[in-house]
Amino acid sequence: MIPSAFDYVAPETLDDAVRALADAGDDAKIIAGGQSLTPVLRLRMNDPSVVIDLGRIPALRGVRDDGDALVIGAMTTHHDILHEPLVREHALLIAEATATIADPQIRHRGTFGGSLAHADPAGDLLASALALGAEMTIAGPNGRRQVAAAEFFEDLFTTSLQPDEILVDIRVPKHSGWTAHYEKFNRTAQAWSIVAVAAAVRVDGGAIAEARVALTNMASVPVRARGVEEALVGRAADAATIRDAAERAAEGTSPAVDGNADADFRSHLARVLTSRAVTAAAGV
Amino acid sequence: MRITVDVDGTRYSDEVEPRMLLVHYLRDQLGKVGTVSGCDTSNCGACTVHLDGRSVKSCSVLAVQADGHEVTTVEGLAQDGTLHPVQEAFHECHALQCGYCTPGMIMQSIDLLEENPDPDEQQVREGLEGNLCRCTGYQNIVKAVQSAAGTMREGSAPQAGGAR
Ligand SMILES: Cc1cc2nc3c(=O)[nH]c(=O)nc-3n(C[C@H](O)[C@H](O)[C@H](O)COP(=O)(O)OP(=O)(O)OC[C@H]3O[C@@H](n4cnc5c(N)ncnc54)[C@H](O)[C@@H]3O)c2cc1C
Ligand code: FES
Ligand code: FES
């Protein structure tokens with residue numbers, strides 16, 4: 001199908017985009033990479049009167065080193081993230097999760113900010129952003145504000161972004177020297193996660209000094225597996241520690257029931273995938 | 001809205017509706033029916049073209065987003081009647097049955113070989129993850145890509161497929 005008719009604006013600065021969005025009212029939609037929005041428009045699940053394209057604002061693209069954090073522009077594509085050495089070095093978990101998204105064509109267009117703003121519970125970047133304590137910079141008619149990942153994701157497909165706001169960049173505290181792995185369970189023909197686990201650890205002298213673990217698609221929003229983290233930190237980085245910690249993976253989650261899996265199966269997957277993710281991350 | 005797009009080396013300037021998808025612009029407005037559309041969900045990859053030298057699904061890009069950019073379709077690959085090595089290899093290895101997925105497979109294979117000139121079987125399969133084939137079982141497609149990789153590494157063939 002073809003989308004219903006809309007007007008199109010392609011501002012060249014962020015200020016112009018914020019203004020265009022305010023002028024257009026509630027019925028406007030931002031387009032970033034368009035890899036989620038275009039299918040939605042084609043299926044006519046949404047029919048905005050105005051589409052505002054962020055694709056012609058160079059300042060929203062790229063990754064910058066900002067001392068103790070990386071600042072990732074919202075319009076940085078999945079492909080660019082994968083080819084950015086700074087991300088590998090300081091936020092390996094994000095690179096690992098990005099590599100599992102969709103396919104090369106979609107990674108060429110889809111963006112980091114678009115994935116977070118879209119907030120699909122099966123989206124692969126939400127858990128990594130949460131695990132690493134990312135902070136979103138949001139611009140609106142009244143200026144800018146910062147929102148921590150833990151507050152940003154409110155519900156499925158719902159974030160704290162207001163209709164007149166734009167996600168500008170994502171500040172990711174550096175996790176240099178950490179190792180990481182993203183373990184996901186999906187159907188072969190569809191890369192969307194049924195469940196996935198994002199794990200980053202810092203191993204020091206054979207013990208797990210720090211750990212961050214977050215789950216994809218175990219609730220309407222990404223969730224930190226705090227029980228797992230607690231059970232890992234300060235223990236030997238070995239199979240027994242990981243096995244015991246992974247048992248706690250489904251604690252406090254509320255997995256959905258859908259055509260792919262029921263809640264029990266999702267909880268089982270969370271435990272198994274946590275064990276695999278931490279094992280790979282810790283190099284055990 | 002008026003857009004100007006370079007497609008297969010020719011500059012076109014056209015009035016289009018903002019909701020027009022790039023695949024429809026190519027097919028319906030420019031008559032470049034070599035690029036096909038196979039789904040409504042951005043899954044099949046049949047519509048793959050290169051936008052500024054990178055593979056994209058042309059059903060998931062608005063024509064207005066391509067304004068001022070360069071598009072290469074399967075129709076722009078052959079140079080003076082000589083097929084691109086990947087086209088030649090698909091022919092030689094019989095990497096198709098109905099042929100519907102072929103334009104997209106060829107465009108994605110070229111992208112994959114630019115990123116990795118010597119892929120192993122697994123890497124070919126992963127590089128073609130976004131392209132579905134209902135007929136072949138992929139076996140001969142993988143063979144064709146590896147065969148083309150060999151030809152292209154020898155450097156005996158003309159380079160095409162769009163600038164980076
Ligand atoms: C076949 C297919 C398979 C996929 N598989 C996966 C997968 O396995 N894992 C995965 O994580 N993702 C997957 N995706 C989604 C892909 O990662 C998208 O790129 C991503 O979800 C959206 O990013 P985008 O830049 O394309 O955003 P768009 O589609 O342009 O926008 C998505 C939504 O976010 C809003 N938005 C975008 N940017 C901003 C901004 N800066 N400020 C405010 N609002 C904004 C838009 O208004 C829109 O509502 C898949 C997509 C397809 C089509
Ligand atoms: S038609 Fe574009 S992916 Fe199927
Ligand atoms: S040859 Fe028929 S779909 Fe691939």
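Worth saying up front: this structure is predicted, and the values here are computed from it rather than measured. Hydrogens, waters and symmetry mates are skipped; everything else that's a heavy atom, side chains included, is used. Letters A, B, ... are given to chains in the order of the sequence lines, protein chains preceding strands, and every chain is numbered from 1.
Within the 4.5 Å cutoff, no side-chain heavy atoms of B/M1 are placed close to those of A/D7. Side-chain contact between A/I2 and B/M20 is absent, with no heavy-atom pair separated by less than 4.5 Å. The closest side-chain heavy-atom distance from B/L21 to A/R42 is below 4.5 Å. With a 4.5 Å cut-off on side-chain heavy atoms, A/Y8 and B/D67 do not count as touching. The shortest distance between side-chain heavy atoms of B/Q108 and A/P104 falls below 4.5 Å.
Top candidate by heavy-atom pairs under 4.5 Å with chain A, chosen from B/C59, B/G68, B/S55, is B/S55.
B/C39 touches chain A through its backbone: at least one of N, CA, C or O sits under 4.5 Å from a heavy atom, while the side chain does not. For chain A, the nearby parts of B/Q65 are the backbone and the side chain; heavy atoms of each come within less than 4.5 Å. Proximity to chain A (any heavy atom under 4.5 Å) is shown, for B/L128, by neither the backbone nor the side chain. Heavy atoms of A/A102 lying under 4.5 Å from chain B belong exclusively to its backbone. Residue contact with chain B, scored on non-hydrogen atoms closer than 4.5 Å, involves the side chain of A/I106 exclusively. In this structure, the portion of A/I31 lying under 4.5 Å from any heavy atom of chain B is its side chain and not its backbone. In this structure, chain A has no heavy atom under 4.5 Å from any part of B/L132.
The closest donor-acceptor contact from the side chain of A/Q35 to the backbone of B/S60 lies under 3.5 Å. Listed for the B/R19 side chain is a donor-acceptor partner under 3.5 Å among the backbone atoms of A/P3. Between the B/D40 side chain and the A/M1 main chain, a donor and an acceptor come within less than 3.5 Å of each other.
With a 6.0 Å radius and a threshold of 12 heavy atoms from other residues, nucleotides or ligands, B/Q97 has its CD atom above the threshold.
Here the CD1-CD distance, from A/I101 to B/E129, works out to 11.5 Å after rounding to the nearest 0.5 Å.
For A/Q105 and B/T48, the side-chain atoms include at least one donor-acceptor pair closer than 3.5 Å.
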Would you check, one step at a time, whether the test side-chain contact (heavy atoms from CB on, under 4.5 Å) holds for B/E115 with A/H79?
CA-CA 11 Å; B/E115 192 114 316; A/H79 177 85; 3.6 Å; yes

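Shortest non-hydrogen contact noted between B/V64 and A/R56 is O-NH2, 3.1 Å.
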